[in-house]
Colleague: 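Here it is, the structure in full.
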Amino acid sequence: MTAGIVDRVVDWFARAARPLPWRDAHVTPWGVLVSEFMLQQTQAARVEPRWRAFVERWPRPADLASATDADVLRAWDRLGYPRRARWLRACAVVIVERHGGVVPADDASLRALPGVGPYTAAAVASFAYGRPSAVVDTNVRRVIARAAVGAAEPWAPSAARDEAEYRALVPLPLPGDDAARARAVAWNAAAMELGALVCTARAPRCEVCPIADECAWRAIGAPTGTVAGRPRRKQAAYAGSDRQMRGRILAVLRAEFGGLGHAALRERALAASGRDARADEVRYERALRGLRDDGLVVETSGRIALPGDEPPAPTRGAGGPDS
DNA sequence: AACTCGGGGCG
DNA sequence: CGCCCAGAGTT
């Protein structure tokens, strides 16, 4: 009885949901968009303090549009995937220039924003504007796979299949059916929360699950304890990776206003490197090139800086280019 | 379809 | 130390 699943998860959410700040009723669509960017591949607990500071400093798209990428990258702090920070500011610019400073509500306009994919577009439409869009993230994928399909592991992410599996459980409401629309919106938040708190990837807490008795996976005999898990594509080790070196370089530049000369930046980025210093230098050059290609750092007159953080034009008699 | 892209938290 | 996380863009 799939109708039971939706309503019971919605009921459970009403009493068990975490009080996450971006769910407050007064949060603007812009605040929702900011939260969705920060939450891409990043846990809610880590996002919370940065989200608060961010929306307080830049409460409207126009505010962020007039900031610099360097400002945004510093506010982003160590949230990871710093491209998201630049995409978010680019979103603000588009929203100001093409949408009158108002976050759009329709799927096509949202998808046209940089860094907004199927998930983020659906989430903003639903959470900010109450639209019954199919919000399918890794949590929802797993909850539907287990409770409705009966599989231990979710299917591989796919926009087409995500939509199909979702609609099999939550049909698109007919126009004007406000009750069905509200139910779909409530499910969108509730299913994600169930996946985050109860129907977790490795150690699901079926004993406290509100739909355990209707779960197709349990009916088949879900294991107790830890789920073995389908072998995923292994993420390369972070230690010793280009990603780690990119992170180090950006950390140095976030702390150093106005940027640094090549030699000073390399020295600081490699300061923490261990015995394989030669390999680290190779990684450094590759990481710096990648950051420049991504627009996360800029080079002007021999200095490396965060974009928008370039040093002031040299005044007559001032010091040399390297520090 | 497979890669790349941060960083931290947790078992 | 390995796995996972409110994904998206590129190749």
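Letters go in sequence order (proteins before strands), and every chain restarts at 1. Just the heavy atoms: all of them, side chains too, but no hydrogens, waters or symmetry mates, feed the values below.
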Colleague: When only distance counts, do a donor and an acceptor, one from the side chain of R46(A) and one from the base of dG7(B), lie under 3.5 Å apart?
Modeller: yes
Colleague: NA contact type, W22(A), heavy-atom cut-off 4.0 Å: base, sugar-phosphate, or nothing?
Modeller: base
Colleague: Please pick, from dG7(B), dG7(C), dA6(C), the nucleotide with the shortest atom-to-atom distance to any side-chain atom of L39(A).
Modeller: dA6(C)
Colleague: Map R83(A) and R50(A) onto DNA chain B by nearest heavy atom, then report which one ends up closer to the 5' terminus.
Modeller: R83(A)
Colleague: With DNA chain C as reference, determine whether E193(A) or P114(A) sits nearer its 5' end, using the nearest nucleotide of each.
Modeller: E193(A)
Colleague: Considering just the side-chain nitrogens and oxygens of R246(A), establish if one lies under 4.0 Å of OP1 or OP2 belonging to dG7(B).
Modeller: no
Colleague: Could you tell me how far dG9(C) sits from dG8(B) if I compare only their P atoms? Round to whole Å.
Modeller: 24 Å
Colleague: Mapping D137(A) and A237(A) onto DNA chain C by nearest heavy atom, which one lands closer to the 5' end?
Modeller: A237(A)
Colleague: Without swapping roles, check the side chain of W76(A) against the backbone of G80(A) for a donor-acceptor pair under 3.5 Å.
Modeller: yes
Colleague: Send over the distance from R243(A) CZ to dC3(B) P, rounded to a whole Å.
Modeller: 13 Å
Colleague: Hey, which of these two, D77(A) or A236(A), hits DNA chain B nearer its 5' end, going by closest nucleotide?
Modeller: A236(A)
Colleague: Would the distance check show the side chain of R248(A) and the main-chain N or O of L270(A) forming a donor-acceptor pair, the cut-off being under 3.5 Å?
Modeller: no
Colleague: Output the rounded distance in Å from CG (L296(A)) to C1' (dC5(B)).
Modeller: 10 Å
Colleague: Counting any heavy atom closer than 4.0 Å, what does G80(A) reach on the DNA or RNA strands: base, sugar-phosphate only, or nothing?
Modeller: base
Colleague: Have a look at R111(A) and say if it touches a base, only the backbone sugar-phosphate, or nothing, with a 4.0 Å heavy-atom cut-off.
Modeller: nothing
Colleague: Rounded to whole Å, please give me the gap between CG in L194(A) and P in dA6(C).
Modeller: 13 Å
Colleague: Counting any heavy atom closer than 4.0 Å, what does L79(A) reach on the DNA or RNA strands: base, sugar-phosphate only, or nothing?
Modeller: base
Colleague: Atom CZ of R84(A) to atom P of dC5(C): distance rounded to whole Å?
Modeller: 15 Å
Colleague: Could you tell me whether the side chain of D106(A) and the main chain of S109(A) form a donor-acceptor pair under 3.5 Å?
Modeller: yes
Colleague: With distance as the sole criterion, do the side chain of T42(A) and the base of dG6(B) form a donor-acceptor contact below 3.5 Å?
Modeller: yes
Colleague: Roughly how many Å is it from CZ in R248(A) to P in dG7(B), rounded to a whole number?
Modeller: 11 Å
Colleague: Please tell me if Q41(A) has a side-chain N or O lying less than 4.0 Å from either OP1 or OP2 of dG7(C).
Modeller: yes
Colleague: If the cut-off is 4.0 Å, is T120(A) near the phosphate of dA6(C), judged by side-chain N/O to OP1 or OP2?
Modeller: no
Colleague: Tell me yes or no: between the side chains of Y284(A) and D242(A), is some donor less than 3.5 Å from an acceptor?
Modeller: no
Colleague: Describe the nucleic acid contact of V135(A) in one word from base, sugar-phosphate, nothing, applying a heavy-atom distance below 4.0 Å.
Modeller: nothing
Colleague: Within less than 4.0 Å of OP1 or OP2 of dG6(B), is there a side-chain N or O belonging to Y238(A)?
Modeller: no
Colleague: Looking only at side-chain N and O atoms, does R202(A) come under 4.0 Å of OP1 or OP2 in dC4(C)?
Modeller: yes
Colleague: Please state how far atom OH in Y81(A) lies from atom P in dA8(C), giving the value in whole angstrom units.
Modeller: 12 Å
Colleague: Over how many whole Å does the gap from L88(A) atom CG to dG7(C) atom P extend?
Modeller: 16 Å
Colleague: Could you tell me whether a side-chain N or O of R89(A) sits under 3.5 Å from a main-chain N or O of A65(A), the two making a donor and an acceptor?
Modeller: yes
Colleague: With P as the reference atom in both, quote the distance from dG6(B) to dT11(C) in angstrom, rounded to an integer.
Modeller: 16 Å
Colleague: side-chain contact (heavy atoms from CB on, under 4.5 Å) for R84(A) and L79(A)? Distances and angles first, verdict last.
Modeller: CA-CA 10 Å; R84(A) 295 181 294 172; L79(A) 272 182; 4.0 Å; yes
Colleague: Which value, in whole Å, describes the distance between the P atoms of nucleotides dG11(B) and dA6(C)?
Modeller: 15 Å
Colleague: Any cation-pi pair here, R74(A) with F257(A), using under 6.0 Å and within 45°?
Modeller: yes
Colleague: Return the value, rounded to whole Å, for the distance between atom CE of M38(A) and atom C1' of dA8(C).
Modeller: 17 Å
